[in-house]
Asker: 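Below are the structure tokens for one structure; questions will follow.
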Amino acid sequence: MSRSAHVDVVVVGAGFAGIYATHLLRDKNGLSVQGFERGSDVGGTWFWNRYPGARCDAESIVYSYSFDDDIQQEWTWSERWATQPEILRYAGFVADKLGIRESYAFNTEVASMVWDEEAGLWITTTSDGETTTSRFVVTAVGCLSASQVPEFKGLEGFAGEVYHTGSWPHEGVDLAGKRVAVIGTGSSGIQAIPAIAQQAAHVTVLQRTPNYTVPARNRKLGVDEMSLIKRIYPALREKVRETPAGVIVKPPVGAALELPPEEVRAELDRRWEQGGPTFMNAFTDTMSDHAANQITADYVRERIREIVQDPEKAELISPQAYPIGTKRICVDTDYYATYNRENVDLVDVRSTPIERIGARGPVVGGKEYEVDVLVLATGFDAITGPLLRLGVQGRNGLSLNEAWAEGGKSYLGLAVAGFPNLFTVTGPGSPSVLTNMIVSIEQHVDWISDMLLDLENEGIERIEASAEAQEEWIAKVNAIAAQTLYPETASWYMGANIPGKPRVFMPYAGGLDTYREICRQVAAAGYEGFLTSGQVGVEAHEVLATVPAS
Ligand code: N01
């Protein structure tokens, strides 16, 4: 546990982004770092999301750091899709190896971060009232770390236990013999429901919108397989970095609308059998053309009818309301088959919404569903939510909440106009949640670290995204999203799950490979689009051009 009054950099969050940012800025850049983490240990998302069945939907061999060969050689993954406990152990292993915990204050929530223009410092105040000043701030708060509990009337009067999947008790929950209601059928609900159904006496699923999910086809990774992977790791990592989503995917076989129907069908069959989100990558036109999208969606609905024995239930859990993939595709183990179990009931809360939570359970259409435990798999205030709760105030007293009144705006998802020396790892406008998060995190942290080295070398103390560059970037993010079907759907990508949140498509959908190249070019052009303050109004690249190369 560490706490300094003044450092070079404050890093907020000790998930995968915070661990890597702390390591690089401290051990490569030679900067003093103070980390703050509201949890009692490292792990971020994987520290909080301990619900039964929690796993990653990116394959373990690539959902892991690539920056250190010792780490990837020493760590051995046991399954194709790692479980939450294994990923959390991995985060702890890396933190131990790099001595990360000594730079952090745990159980310490950031209450506010205020820019002092005169001193050129950020003043971070934590919930215990203490302050730390720093030249730079790096937010590493994750995209899905602000849990969303809908305002259900009567929730506080429920006599049983209530848990949100995103803040599951660390000691675990004994569900054996209990009656459980689950609200929410996104990725979390879809993973949790089959696992809960195996333990609980009875499960009532309250479904508002059915979701598309593909089988994970999880399996153990053998010793020989892992040693082969370790041998090819450097090449594999290199390849993955240059893909659009930072994962190993079988490339598309063509456009669904141009291929013969039997080839389309055969490809979907192959990918369904193979398991995982690569199913969505079968064709080039799935995410941009309604008719093409319909082909893949129809295929999933057909599979549901095959798996679910009760035709009424099959109909009810078949997604119809939106194009497949425009809400994040889910990856499951036995989700649809779980509805064949006698201890699982499905209640449609789309046609008849949840009225309130009674003392004994949720009330729908006048009926109270009596349960002992209520599980809220109701999602997150995504991407901007975790940043907005930091109480950030930039130049001229501008708060981040004011700056983002019309939605999260940033330049490259890395920096926000009006907020000097503050960098947002996987912020809005970057590929983030459309990619393997660890690959995106490494790219952002590498870029920030290189930028700080360049600034240090040139004696530049302040840097800030220009408002023009930010506007242009956001226009580009929106234009790319407009070429896809994403903006048509009321998803958390659009902020649509949070009442009153501005509806804008938040991630950059142009692909991580393209994005990486753009960031490279911005740096190579002397950080084009950034202003160096002290000389506000002067582009960073103009200043860099005047400094003789060292
Ligand atoms: O959250 P969600 P999540 N009444 O927002 C329902 C990542 N993740 O935690 O769709 C009734 O997707 C809501 O219904 P509707 C992954 O990126 C990854 O499941 O709004 N229902 C929906 O069904 C994922 O996409 C992994 O109609 C209400 C559900 O709650 C993201 O996290 C695992 C309601 C929320 O679904 C978020 O997933 C888990 C109400 N008032 C999560 N309010 C893996 O790596 C909300 N709902 C595999």
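Indexing begins at 1, ligand by ligand and atom by atom, following the structure's order. In this text, all values refer to a predicted model and were calculated from it rather than measured experimentally.
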Asker: Can you tell me if NZ on Lys476 sees more than 12 non-hydrogen neighbours from other groups inside 6.0 Å?
Answerer: no
Asker: Does the cation-pi check pass for Arg303 over Tyr299, that is, NZ or CZ under 6.0 Å from the six-membered ring centre and within 45° of its axis?
Answerer: yes
Asker: Any ion pair linking Glu302 and Arg305 (charged N to carboxylate O, less than 4.0 Å)?
Answerer: no
Asker: Parallel under 30°, tilted from 30 to 60°, perpendicular over 60°: which one fits the rings of His170 and Phe47?
Answerer: perpendicular
Asker: At a heavy-atom distance under 4.0 Å, which protein residues reach ligand 1? Sort them by chain and number, would you?
Answerer: Tyr51, Arg55, Cys56, Asp57, Leu144, Pro150, Phe152, Ile183, Gly184, Thr185, Gly186, Ser187, Ser188, Gln191, Arg208, Thr209, Lys327, Arg328, Arg350, Ala377, Thr378, Gly379, Phe380, Trp492
Asker: When you check the gap from the basic side-chain N to the acidic O, do Arg217 and Glu273 get nearer than 4.0 Å?
Answerer: yes
Asker: Would you say the side chains of Ser66 and Arg241 form a donor-acceptor pair under 3.5 Å?
Answerer: yes
